[in-house]
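Here the structure comes first, spelled out in structure tokens, and everything after it is commentary.
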Amino acid sequence: MTEDEAVDDELLTIGAFAARARLSAKALRLYDRLGLLPPAQVDEASGYRYYRAEQVERARLVALLRQLDMPLARIAEVVEAPDGASAAGRLDAYWADVEARVAGQRTLTEYLRGRLSGRNSEMYEKFVVETVDVPEQVLITETRHVLAGELPAWIGASLGRLEEAARECGGITAAPFVVYHSDVSMESDGPAESCVPVADEAAARAWLEKQGRRWETKVRVEPAHKLAYTRITKAQVAHPQILAAFEAVEQWIPKKGLWLAGPCREVYFADWDAAGAQDPVCDVAFPVK
């Protein structure tokens, strides 16, 4: 008997089951390895896999979920849900992620269309650029190599840690900010540096000493400097809208007889969670001379 022959009324060979489920035998072997659709029985001597007819429904469900381009790990969450309502909820959560990603891609397409068609100057004109003098500041910082997709979560977590630590360092004296020492994108991981200005340098260095050998945390004193910046809303912080803001400031700087004097940054001056989509929350800025 070969693996593709029927066994009895209860069990089906992988070939017969694949035909009923409209899946390939290769796909069934993959789903078995991942625990999505284990066979009902495996012959110890031959290694042949056998399935029960009632497994067809689950096999077809897996195949349909794959048509949504759902990753196998997410499929496992759906098919292992304790009941139908939970499974539907997990499907809804996946599709919400898909729609958010597509919305971001749609916005990126519009941004790229403007650049390719030469209409980027129209985008830049939407931003009001100004300068501000920033005094010398004592900073406690956390640096991390991070990709664009990981950036929002890391910014929130790292600034939260630093703001908590600032209680030991005389308190926060100005708006927290993030410095991009190199490009952060889907392919480039920075690094980025979260910074919180604090009042007491000695206390900050005492705090740092307690951190041990954590290379990503440090204390530094940033000299007084001038920033060229544009203020953006919470909605504009999203990628790629924020790229247009950075580029608008870069375009403005030489027109005013200034030049770049350091890496770009985002200065967060508002309560992010309380802000609405159209509320100003962030300054996109470059040090200039």
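If you read the sequence from its start, that first residue is 1, and numbering goes on from there.
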Donor-acceptor contact present, side-chain [X] to main-chain [Y], <3.5 Å:
X: D283; Y: A285; result: no
X: R60; Y: R20; result: yes
X: S188; Y: D183; result: yes
X: K234; Y: W272; result: yes
X: E163; Y: G160; result: no
X: Q251; Y: A248; result: no
X: S182; Y: P191; result: no
X: S86; Y: P82; result: no

State plainly whether the residues R205 and E201 are in salt-bridge range, i.e. N to O under 4.0 Å.
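Yes.
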Considering all heavy atoms, the nearest [X]-[Y] contact:
X: I155; Y: S158; value: O-OG, 3.2 Å
X: V79; Y: L65; value: CG1-CD1, 4.2 Å
X: A204; Y: V219; value: O-CG2, 3.5 Å
X: P176; Y: P197; value: CA-CD, 4.2 Å
X: I140; Y: L162; value: CD1-O, 3.4 Å
X: L23; Y: A63; value: CD2-CB, 3.6 Å

According to a hydrophobic-cluster definition based on side-chain heavy atoms being under 4.5 Å apart (Ile, Leu, Val, Met, Phe, Trp, Tyr only), do [X] and [Y] belong together?
X: L34; Y: L37; answer: yes
X: V98; Y: L91; answer: yes
X: V62; Y: L68; answer: yes
X: V221; Y: W207; answer: yes
X: W95; Y: V102; answer: yes

Enumerate the residue pairs fulfilling salt bridge (charged side-chain N to carboxylate O under 4.0 Å, His left out) with a member in residues 254-279, sequence neighbours excluded, ordered by first and then second residue.
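Listed by first then second residue: E222-R265.
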Residue pairs passing the salt bridge (charged side-chain N to carboxylate O under 4.0 Å, His left out) test where at least one lies in residues 75-96, sequence neighbours excluded
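Every pair satisfying salt bridge (charged side-chain N to carboxylate O under 4.0 Å, His left out) with a residue in residues 75-96: R58-E80, R74-E77.
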With side chains defined as the heavy atoms from C-beta onward, is the minimum distance between [X] and [Y] less than 4.5 Å?
X: C195; Y: R220; value: yes
X: I232; Y: F127; value: yes
X: Q55; Y: Y51; value: yes
X: E142; Y: R161; value: yes
X: L11; Y: F17; value: no
X: Y268; Y: C282; value: yes
X: E193; Y: K218; value: yes
X: T233; Y: V281; value: no

Where do I14 and R29 land on the side chain to side chain contact (heavy atoms under 4.5 Å, CB included) test, with the steps shown first?
CA-CA 9 Å; I14 191 171; R29 294 187 184 98; 3.9 Å; yes
Run the numbers on T173 and V198 for side chain to side chain contact (heavy atoms under 4.5 Å, CB included), then give the verdict.
CA-CA 5 Å; T173 59; V198 296; 5.6 Å; no
Drop me the distance from [X]'s [atom1] to [Y]'s [atom2], to the nearest 0.5 angstrom.
X: D189; Y: L147; atom1: CG; atom2: CG; answer: 5.5 Å
X: D133; Y: H225; atom1: CG; atom2: NE2; answer: 9.5 Å
X: L61; Y: R66; atom1: CG; atom2: CZ; answer: 13.0 Å
X: D43; Y: Y50; atom1: CG; atom2: OH; answer: 5.0 Å

Give the intermediate values and the outcome of side chain to side chain contact (heavy atoms under 4.5 Å, CB included) for residues V42 and Y48.
CA-CA 6 Å; V42 179; Y48 291 163; over 6 Å; no
Which ILVMFWY residues are connected to V132, directly or by a chain of links, through side-chain heavy atoms under 4.5 Å apart?
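Besides V132, the hydrophobic cluster comprises V134, L227, Y229, listed by chain and residue number.
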Connected hydrophobic set around V267, excluding itself, where side chains approach under 4.5 Å:
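Members other than V267 - counting any ILVMFWY side chain reachable under 4.5 Å - are L139, F177, V179.
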Starting from the C-alpha separation in whole Å, work towards a yes-or-no answer on side chain to side chain contact (heavy atoms under 4.5 Å, CB included) for L30 and L72.
CA-CA 10 Å; L30 172 63; L72 294 175; 4.1 Å; yes
Any idea how F286 and F246 line up, ring-wise: parallel (<30°), tilted (30 to 60°), or perpendicular (>60°)?
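Taking F246 first and then F286, their aromatic rings stand perpendicular (interplane angle over 60°).
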E209 atom CD, neighbour heavy-atom count above 12 within 6.0 Å:
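Not buried by this count: 12 neighbours or fewer within 6.0 Å.
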Just jot down the salt bridge (charged side-chain N to carboxylate O under 4.0 Å, His left out) partners of D32, sequence neighbours excluded, or say none.
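With neighbours one apart ignored, the set is R49.
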With a cut-off of 3.5 Å and sequence neighbours excluded, list every side-chain donor-acceptor pair involving residues 164-171.
residue	atom	partner	partner atom	Å
E164	OE2	R167	NH1	3.3
E168	OE1	K210	NZ	2.7

No-hydrogen, no-angle side-chain donor-acceptor test under 3.5 Å, T217 and Q211:
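Result is no, nothing qualifies.
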